[in-house]
Chemist: 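Mind looking over this structure? Questions follow.
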Amino acid sequence: MYNVKYVFAQLIKFMNRNKFNRIVAKYDGDRYVKHFTCWNQLLVMMFGQLCNRSSLRDLITILEAHSNKCFHMGMGKNVFKTNLAYANQNRNCKIFEEFAYFMISEAREKCKTKIFDIGGNVYVFDSTTIDLCLAVFWWAKFRKKKGGIKVHTLYDVETQIPAFFHITTASVHDMKAMDLIPYEQGSYYIFDRGYNDFRRLFKIHTVEAFFVVRAKKNLKYKTLKWKRRMPKNVLSDSTVELTGFYSNQHYSGTLRMVRYRDDEQSREFTFLTNITHLSSLQIAELYRNRWKVELFFKWLKQHLKIKKLWGTSENAVRIQIYCAICAYCLVAIVQHDMHLDRSTYEVLQILGVSLTDTTHLVDLFDRTKSQNFNVLSDPNGPNLFNF
């Protein structure tokens, strides 16, 4: 009996294979498949994400060097470039999307924390663009001679896990993705000023959720009343009514406007919100955390493979991004379940060079001595309101 447990084989024990099999059966993903199943495909793609492979050829080269270990790591015996490329191009990407959402729900449940304690989840919504060559990725139209895709992400600030994501071509405006957000009653949604669409913001208000958005400079409004005795750095806190022709039609009620000064940058920022039960400093603090989604995008692009794509078809690109999200959630789950006192970056780096070792996971993290690089708290990262 084969008793050696490779590090990668230990990792996949944290994933619910029964759930994945039910999703595959739902979409009939393994129909006519004899050897290289959807589960094998998922594991190969996640292996490539965790060990930071730059291309499909690079990934297959590494797996060929460890061909005698592939079966025992759950990938099967038929891991070839043609098999993987064909699967990425032709298998339904919805299988991997649904499983990515399942991994997200598990990771968010495990990583719950109380940072704000204001009675609801705090989300930041933003998008990141991945530039592509239009001659190769013909479907990803952006500009006349440039291609690209956008990953619209609803980021849970307290768990540091994306709660919702939507992939479109880069030509789709950010505001259109707001229609797909699954809004929750009592939750807080933070937006940059690129999302000043008052019809969509009023939808958030109607579901009894809250939003904070940075106002544009050309906003037309009328001030109804002010608050006096403002705390430090709060220039004004007032109730306003929109007077623009379209903005007044789309948002007929009143809004709260908070003007805040950042001393470090010597700049003023104006926020619009429907929150009335929090102080002006709390509203500024909510928007202060918007930069965390930028750090998440930075982390994802630097340490997982979503910029260098392993296929040219839209289906292959989507599968690669979904597998990257699965890998991120898997690292977060392992970090939580093993009670590791290490950053997500450090856990990923240790795993990346140890996937084919036979060391037990507990011993792997106990014996490893390395400097703690916490990318999510990098002082050289994006600044407070520098957007």
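As the structure is a prediction and not an experimental result, all values here were calculated from the model.
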Chemist: Donor-acceptor pair, distance only, cut-off 3.5 Å: does the side chain of N248 make one with the backbone of L242?
Modeler: yes
Chemist: Measure the CG-CE distance between L42 and M15 for me, rounded to the nearest 0.5 Å.
Modeler: 4.5 Å
Chemist: Using 4.0 Å as the upper bound for N to carboxylate O, is an ion pair formed by R290 and D126?
Modeler: yes
Chemist: Show your reasoning for whether side-chain contact (heavy atoms from CB on, under 4.5 Å) applies to H250 and F202.
Modeler: CA-CA 7 Å; H250 295 158; F202 189 71; over 6 Å; no
Chemist: State, to 0.1 Å, how close F165 and Y101 come at their nearest heavy-atom pair, and which atoms those are.
Modeler: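 Shortest heavy-atom contact: O-OH, 2.9 Å.
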Chemist: For a 4.5 angstrom cut-off between non-hydrogen side-chain atoms, does N52 reach K305?
Modeler: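 Yes; the side chains approach each other to less than 4.5 Å.
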Chemist: Contact between Y328 and I161 at the side-chain level, heavy atoms closer than 4.5 Å - yes or no?
Modeler: yes
Chemist: Taking side chain to side chain donor-acceptor pair (under 3.5 Å) as the test, write out the residues that go with S279, two or more places apart.
Modeler: Q282
Chemist: Verify, without hydrogens or angle tests, whether R342 (side chain) and F365 (backbone) share a donor-acceptor contact under 3.5 angstrom.
Modeler: yes
Chemist: Over 60° means perpendicular and under 30° means parallel, so classify the ring planes of F191 and Y189, tilted if in between.
Modeler: parallel
Chemist: Do you know which two heavy atoms are closest between G48 and L59, and how far apart they sit?
Modeler: CA-CD1, 3.6 Å
Chemist: Side chains of I167 and E314, heavy atoms from C-beta outward: is any pair under 4.5 Å?
Modeler: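 No, every pair of side-chain atoms sits at 4.5 Å or beyond.
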Chemist: Does any N or O in the side chain of N315 come within less than 3.5 Å of the main-chain N or O of N88, such that one atom is a donor and the other an acceptor?
Modeler: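 Present.
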Chemist: Under the 3.5 angstrom rule, does the side chain of T169 hit a backbone N or O of A140 as a donor-acceptor pair?
Modeler: no
Chemist: Looking at every non-hydrogen atom in both residues, tell me the closest pair between A87 and F36 and how far apart they are.
Modeler: CB-CE2, 4.2 Å
Chemist: Please work out whether the ring planes of W39 and F99 are parallel, tilted or perpendicular, with thresholds of 30° and 60°.
Modeler: perpendicular
Chemist: Verify the distance criterion only: is there a donor paired with an acceptor across the side chains of T37 and N40 at less than 3.5 Å?
Modeler: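 Side-chain D/A pair, T37 to N40: present.
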Chemist: Is there a donor-acceptor pair under 3.5 Å between the side chain of N196 and the backbone N or O of R214?
Modeler: yes
Chemist: Measuring only between side-chain heavy atoms, which start at C-beta, is T239 closer than 4.5 Å to T276?
Modeler: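 A side-chain contact is absent here, since even the closest heavy-atom pair is not under 4.5 Å.
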Chemist: State, yes or no, whether a side-chain contact exists between I325 and M103 at a heavy-atom distance under 4.5 Å.
Modeler: no
Chemist: In terms of hydrophobic clustering (I, L, V, M, F, W, Y; side-chain heavy atoms under 4.5 Å; direct or indirect links), are V122 and V207 co-clustered?
Modeler: yes
Chemist: Are L361 and V7 side-chain neighbours, meaning at least one heavy-atom pair lies under 4.5 Å?
Modeler: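 Answer yes - side chains close enough.
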Chemist: Got a second to check how far Q49's CD is from L304's CG, nearest 0.5 Å?
Modeler: 5.5 Å
Chemist: Name the orientation class of the two ring planes belonging to H205 and Y251 (parallel below 30°, tilted from 30 to 60°, perpendicular beyond 60°).
Modeler: tilted
Chemist: Is the count of non-hydrogen atoms from other residues, nucleotides or ligands lying under 6.0 Å from Y221 atom OH greater than 12?
Modeler: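 It does not: Y221 OH has 12 such atoms or fewer within range.
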Chemist: Determine, using the 4.5 Å side-chain heavy-atom cutoff (strictly less than), whether W226 and M257 are members of one ILVMFWY cluster.
Modeler: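 Looking at the clustering, M257 is in a separate group from W226.
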Chemist: Please confirm whether the backbone N or O of A209 pairs with a side-chain atom of N274, one donor and one acceptor, at under 3.5 Å?
Modeler: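 The answer is yes, because a donor-acceptor pair under 3.5 Å joins these two groups.
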Chemist: Where do T223 and S238 come nearest, in terms of heavy atoms and distance?
Modeler: CG2-CB, 3.9 Å
Chemist: Just do the salt bridge (charged side-chain N to carboxylate O under 4.0 Å, His left out) check on E98 and K94 with the steps written out, would you?
Modeler: CA-CA 6 Å; E98 282 200 22; K94 291 290 184 181; over 6 Å; no
Chemist: Provide the closest heavy-atom pair for M45 versus Q320 in the form atom of the first, atom of the second, distance.
Modeler: CE-CA, 3.8 Å
Chemist: More than 12 non-hydrogen atoms from neighbouring residues, nucleotides or ligands closer than 6.0 Å to CZ on R261, yes or no?
Modeler: yes
Chemist: Could you tell me whether the side chain of Q10 reaches within less than 4.5 Å of the side chain of H360, counting heavy atoms only?
Modeler: yes
Chemist: Does L278 share a hydrophobic cluster with M230, counting links as ILVMFWY side-chain heavy atoms below 4.5 Å and allowing steps through other members?
Modeler: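 Linked, L278 and M230 end up in one cluster.
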Chemist: With sequence neighbours excluded, what pairs up with K227 under the salt bridge (charged side-chain N to carboxylate O under 4.0 Å, His left out) test?
Modeler: D237
Chemist: Would a distance-only check, ignoring hydrogens and angles, find a side-chain to backbone donor-acceptor pair under 3.5 Å from S354 to D357?
Modeler: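 Side chain of S354 to backbone of D357: no pair is present.
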Chemist: Looking at residues at least two apart in the chain, or sitting in another chain, which of them share a side chain to side chain contact (heavy atoms under 4.5 Å, CB included) with H277?
Modeler: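 For H277 the side chain to side chain contact (heavy atoms under 4.5 Å, CB included) partners, ignoring immediate neighbours, are Y188, F210, I275.
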Chemist: Once you round to the nearest 0.5 Å, how far does OG of S127 lie from OH of Y195?
Modeler: 4.0 Å
Chemist: Give me the one residue out of R108, K112, K292 that meets salt bridge (charged side-chain N to carboxylate O under 4.0 Å, His left out) with D156.
Modeler: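 Exactly one option meets the salt bridge (charged side-chain N to carboxylate O under 4.0 Å, His left out) with D156, and it is R108.
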Chemist: Could you give me the CA-CA distance, side-chain angles and deciding distance for V317 and L132, then say whether side-chain contact (heavy atoms from CB on, under 4.5 Å) is met?
Modeler: CA-CA 11 Å; V317 171; L132 301 175; 5.5 Å; no
Chemist: Is there a side-chain contact (heavy atoms from CB on, under 4.5 Å) between K308 and R53? Walk through the geometry before answering.
Modeler: CA-CA 9 Å; K308 294 183 179 180; R53 297 299 93 194; over 6 Å; no
Chemist: Taking all non-hydrogen atoms of both residues into account, name the closest pair between I104 and C329 and its distance.
Modeler: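 Closest approach of I104 to C329, heavy atoms only: CG1-SG, 3.6 Å.
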Chemist: Can you tell whether the side chains of K298 and E294 come within less than 4.0 Å, N to carboxylate O?
Modeler: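 No, this pair does not count.
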Chemist: Between H336 (side chain) and K110 (backbone), is there a donor-acceptor pair under 3.5 Å?
Modeler: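 Answer holds: yes.
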Chemist: Out of Y123, F297, F296, which one pairs with P162 under the side chain to side chain contact (heavy atoms under 4.5 Å, CB included) rule?
Modeler: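 It is F296, the one option of Y123, F297, F296 that forms the side chain to side chain contact (heavy atoms under 4.5 Å, CB included) with P162.
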Chemist: Is the backbone N or O of T359 less than 3.5 Å from a side-chain atom of D363, with the two atoms forming a donor-acceptor pair by type?
Modeler: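 Absent.
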Chemist: Side-chain heavy atoms nearer than 4.5 Å, only ILVMFWY residues, links allowed to pass through others: does that put I115 and L154 together?
Modeler: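 Same cluster: I115 reaches L154 through Ile, Leu, Val, Met, Phe, Trp or Tyr contacts under 4.5 Å.
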Chemist: With rounding to the nearest 0.5 angstrom, report the SG to CD1 distance, C111 to I333.
Modeler: 7.5 Å
Chemist: Find the distance between OG (S171) and NZ (K176) and round it off to the nearest 0.5 Å.
Modeler: 8.0 Å
Chemist: Are F47 and F8 close enough, and set up right, to give a ring-ring contact (aromatic ring centres under 6.0 Å, His included), and what steps lead you there?
Modeler: CA-CA 8 Å; F47 183 91; F8 187 73; 5.4 Å; yes
Chemist: Please work out which of the three classes, parallel, tilted or perpendicular, describes the rings of W139 and F137, given edges at 30° and 60°.
Modeler: perpendicular
Chemist: Would V353 and I12 show up in the same hydrophobic cluster when neighbours are defined by side-chain heavy atoms closer than 4.5 Å?
Modeler: no
Chemist: Side chains of L255 and F211, heavy atoms from C-beta outward: is any pair under 4.5 Å?
Modeler: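 L255 reaches F211 side chain to side chain.
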Chemist: Charged N to carboxylate O under 4.0 angstrom, E268 versus R259?
Modeler: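 Yes, E268 and R259 are salt-bridged.
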Chemist: Checking K144 against L134 for the side-chain contact (heavy atoms from CB on, under 4.5 Å) test, could you report, in this order, the C-alpha distance in whole Å, the side-chain angles of both residues, the deciding distance, and whether it holds?
Modeler: CA-CA 9 Å; K144 187 175 181 180; L134 189 59; over 6 Å; no
